[in-house]
Peer 1: 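I'd like to ask you about the structure that follows.
Values in this document were obtained by computation on a predicted structure and should not be read as measured data.
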Amino acid sequence: MQRIEQHASFGGRQEVWRHASATLGCDMKFAVYLPPAALRGEACPVVYWLSGLTCTEQNFITKAGAQRHAAEHGLIIVAPDTSPRDLGVADGEPGVADDPAYDLGQGAGFYVNATQAPWAKHYRMQDYVAVELPALVEQHFAVAPRRGIFGHSMGGHGALVTALRHPGRYLSVSAFSPIVAPSQVPWGQKALGAYLGADVSAWAEWDSVSLIKALPAGAERLPLLVDQGEADEFLAVQLRPELLAEVCEQTGHPLTLRRHAGHDHSYYFIASFIGEHVAHHARALKAG
């Protein structure tokens with residue numbers, strides 16, 4: 001690993017690291033905020049933040065304002081990039097000339113393990129964020145063995161799906177404006193079709209609504225905290241939080257869905273409520 005950035009912040013330190021990922025077959029960057037408690041040598045719980053379409057690790061650490069709250073609660077926050085990136089990594093929409101396809105390829109990993117060419121060679125973001133990255137963080141930093149996960153938009157989808165797919169691995173989960181049912185909306189149908197193929201039955205394993213619906217009796221049911229802006233331009237077509245509310249009501253899955261008038265899909269929305277999300281994770285992780 002190579003540290004490529006460090007900045008003093010609220011008594012702690014914001015860092016960015018680069019490393020060679022065996023899972024993705026390319027170099028990756030991730031950000032880590034170390035609160036004052038961590039710099040004093042205390043083992044702190046870790047919360048993983050997953051960003052949305054087009055983002056890198058920089059969007060969250062420069063716009064969300066999470067450092068002050070992480071310092072207050074003694075939490076480490078780790079924010080990886082949203083996809084593999086390299087000259088040899090597939091990008092854009094195959095067969096469409098000069099189309100950067102912001103919602104497919106680099107910047108749009110969707111936190112799944114791709115099975116289809118040309119994506120399968122590098123696009124295994126689920127294994128990266130759920131397995132390789134935590135192992136790396138726990139090897140190189142003094143962390144407590146307690147994890148939470150949250151994210152925004154595509155990253156909100158990633159946070160919910162990752163927690164649901166790995167019971168017992170996380171003690172808390174939350175999301176801003178998540179894509180809750182990617183198999184039922186255009187963004188998700190495009191990405192899942194490309195990464196996983198035309199068999200829609202395979203998509204259910206990467207769809208929060210489908211995963212909650214399929215949970216057996218007695219399965220872990222982490223309480224979900226979801227914030228959604230009412231002025232979000234993607235609300236009706238791409239996000240559809242009502243589908244999550246319906247399945248949680250049907251199955252008894254604990255959900256706090258808060259809808260906020262006037263708020264859009266931007267980091268202004270995230271920054272407005274990030275402190276409440278960090279506190280949500282701190283309560284679960286400190287109790288754990």
Side-chain angles (χ1 to χ4, degrees), residues 1-2 4-5 16-31 48-63 78-133 136 151-162 177-179 182-200 202-203 205-207 233-234 237-239 265-267:
M1 295 214 310
Q2 177 189 10
I4 58 177
E5 287 186 38
V16 177
W17 290 77
R18 178 188 292 119
H19 74 104
S21 168
T23 300
L24 304 179
C26 66
D27 282 356
M28 288 292 287
K29 290 190 291 186
F30 68 91
Y48 292 86
W49 169 268
L50 305 183
S51 291
L53 288 166
T54 77
C55 291
T56 70
E57 79 290 338
Q58 293 293 323
N59 299 75
F60 177 74
I61 65 176
T62 59
K63 296 180 179 180
V78 174
D81 200 348
T82 54
S83 77
R85 298 180 196 262
D86 207 335
L87 291 176
V89 173
D91 190 21
E93 191 166 359
V96 180
D98 301 320
D99 180 6
Y102 80 95
D103 55 357
L104 188 68
Q106 295 188 35
F110 262 83
Y111 305 102
V112 304
N113 289 333
T115 60
Q116 304 298 303
W119 313 106
K121 182 178 180 181
H122 296 287
Y123 284 78
R124 301 189 59 82
M125 284 298 294
Q126 178 66 192
D127 283 350
Y128 178 71
V129 300
V131 181
E132 184 180 18
L133 182 60
L136 197 68
H152 170 234
S153 193
M154 177 186 71
H157 141 76
L160 296 175
V161 164
T162 302
S177 315
I179 306 168
S183 65
Q184 300 185 52
V185 302
W187 272 342
Q189 290 166 341
K190 178 178 180 178
L192 298 181
Y195 296 144
L196 304 177
D199 181 4
V200 296
W203 301 2
E205 294 298 314
W206 306 98
D207 183 299
E233 62 268 41
F234 305 113
V237 176
Q238 304 284 14
L239 306 179
H265 200 68
S266 71
Y267 266 85

Peer 1: Determine whether E233 and Q238 make a side-chain contact, defined as any pair of heavy atoms from C-beta on separated by less than 4.5 Å.
Peer 2: no

Peer 1: Who pairs with T162 by side chain to side chain donor-acceptor pair (under 3.5 Å), at least two apart in sequence or on another chain?
Peer 2: Q126

Peer 1: First locate atom CE of M1, then atom CG of L136, and finally report the distance between them rounded to the nearest 0.5 Å.
Peer 2: 5.0 Å

Peer 1: May I ask you to test the V200-S183 pair for a side-chain heavy-atom distance under 4.5 Å?
Peer 2: no

Peer 1: Could you work out, with side-chain contact (heavy atoms from CB on, under 4.5 Å) as the rule, every residue matching A31, not counting sequence neighbours?
Peer 2: Q14, V16, E57, I61, A79

Peer 1: Could you name each residue pair satisfying salt bridge (Lys or Arg N to Asp or Glu O under 4.0 Å) that touches residues 111-126, not counting sequence neighbours?
Peer 2: R124-D127

Peer 1: Output all residues satisfying side-chain contact (heavy atoms from CB on, under 4.5 Å) with V89, sequence neighbours left out; order by chain, then residue number.
Peer 2: C26, P84, D86, Q106, H122, Y123

Peer 1: Do you know which two heavy atoms are closest between Y128 and L24, and how far apart they sit?
Peer 2: CG-CD1, 3.8 Å

Peer 1: Could you work out, with salt bridge (charged side-chain N to carboxylate O under 4.0 Å, His left out) as the rule, every residue matching D81, not counting sequence neighbours?
Peer 2: R85

Peer 1: Taking only residues two or more places apart in sequence, or in another chain, which ones meet S266 in a side-chain contact (heavy atoms from CB on, under 4.5 Å)?
Peer 2: D264, Y268

Peer 1: Just so I know, are the side chains of L196 and W119 near enough to count as touching, which here means a heavy-atom distance under 4.5 Å?
Peer 2: no

Peer 1: Which heavy atom in G107 sits nearest to a heavy atom in S83, and how many Å separate them?
Peer 2: N-OG, 2.7 Å

Peer 1: Is M28 close to L133 at the side-chain level, that is, under 4.5 Å between some pair of heavy atoms?
Peer 2: no

Peer 1: Stepwise, does the side-chain contact (heavy atoms from CB on, under 4.5 Å) test hold for H152 with S177?
Peer 2: CA-CA 6 Å; H152 170 234; S177 315; 4.0 Å; yes

Peer 1: State which residues pass side chain to side chain donor-acceptor pair (under 3.5 Å) with E5; sequence neighbours excluded, sorted by chain then number.
Peer 2: H7, Q58

Peer 1: What's the spacing between L160 CG and D207 CG if we round to 0.5 Å?
Peer 2: 10.5 Å

Peer 1: How many angstroms lie between NZ in K63 and OG in S51, if you round to the nearest 0.5 Å?
Peer 2: 10.0 Å

Peer 1: Could you tell me how the ring of H157 sits relative to the ring of F110: parallel (under 30°), tilted (30 to 60°) or perpendicular (over 60°)?
Peer 2: tilted

Peer 1: Between T82, L50, T23, which is the residue that forms a side chain to side chain contact (heavy atoms under 4.5 Å, CB included) with V129?
Peer 2: L50

Peer 1: Taking all atoms of both residues into account, what is the closest heavy-atom pair of A194 and L104, and its distance?
Peer 2: CB-CD1, 3.7 Å

Peer 1: Report the relative orientation of the aromatic rings in F234 and W187; use parallel for angles under 30°, tilted for 30 to 60°, perpendicular for over 60°.
Peer 2: tilted

Peer 1: Who passes side chain to side chain donor-acceptor pair (under 3.5 Å) against T56, sequence neighbours left out?
Peer 2: none

Peer 1: Identify, with sequence neighbours excluded, every residue that meets side-chain contact (heavy atoms from CB on, under 4.5 Å) alongside E205.
Peer 2: R165, L211

Peer 1: Any heavy-atom pair between the side chains of Y111 and V161 that's under 4.5 Å?
Peer 2: no

Peer 1: Just to verify, what does W203 make a side chain to side chain donor-acceptor pair (under 3.5 Å) with, not counting sequence neighbours?
Peer 2: none

Peer 1: Over all heavy atoms of both residues, which pair between G151 and A159 is shortest? Give the atoms and the distance, please.
Peer 2: N-CB, 3.9 Å

Peer 1: Within the 4.5 Å heavy-atom criterion, are F30 and S21 side-chain neighbours or not?
Peer 2: no

Peer 1: Partners of W49 by ring-ring contact (aromatic ring centres under 6.0 Å, His included), sequence neighbours excluded?
Peer 2: F60, F150

Peer 1: Counting only N and O atoms by type, is there a donor-acceptor contact under 3.5 Å from the side chain of Y195 to the main-chain atoms of G105?
Peer 2: yes

Peer 1: Report the residues that fulfil ring-ring contact (aromatic ring centres under 6.0 Å, His included) with Y48, sequence neighbours left out, ordered by chain and then residue number.
Peer 2: none

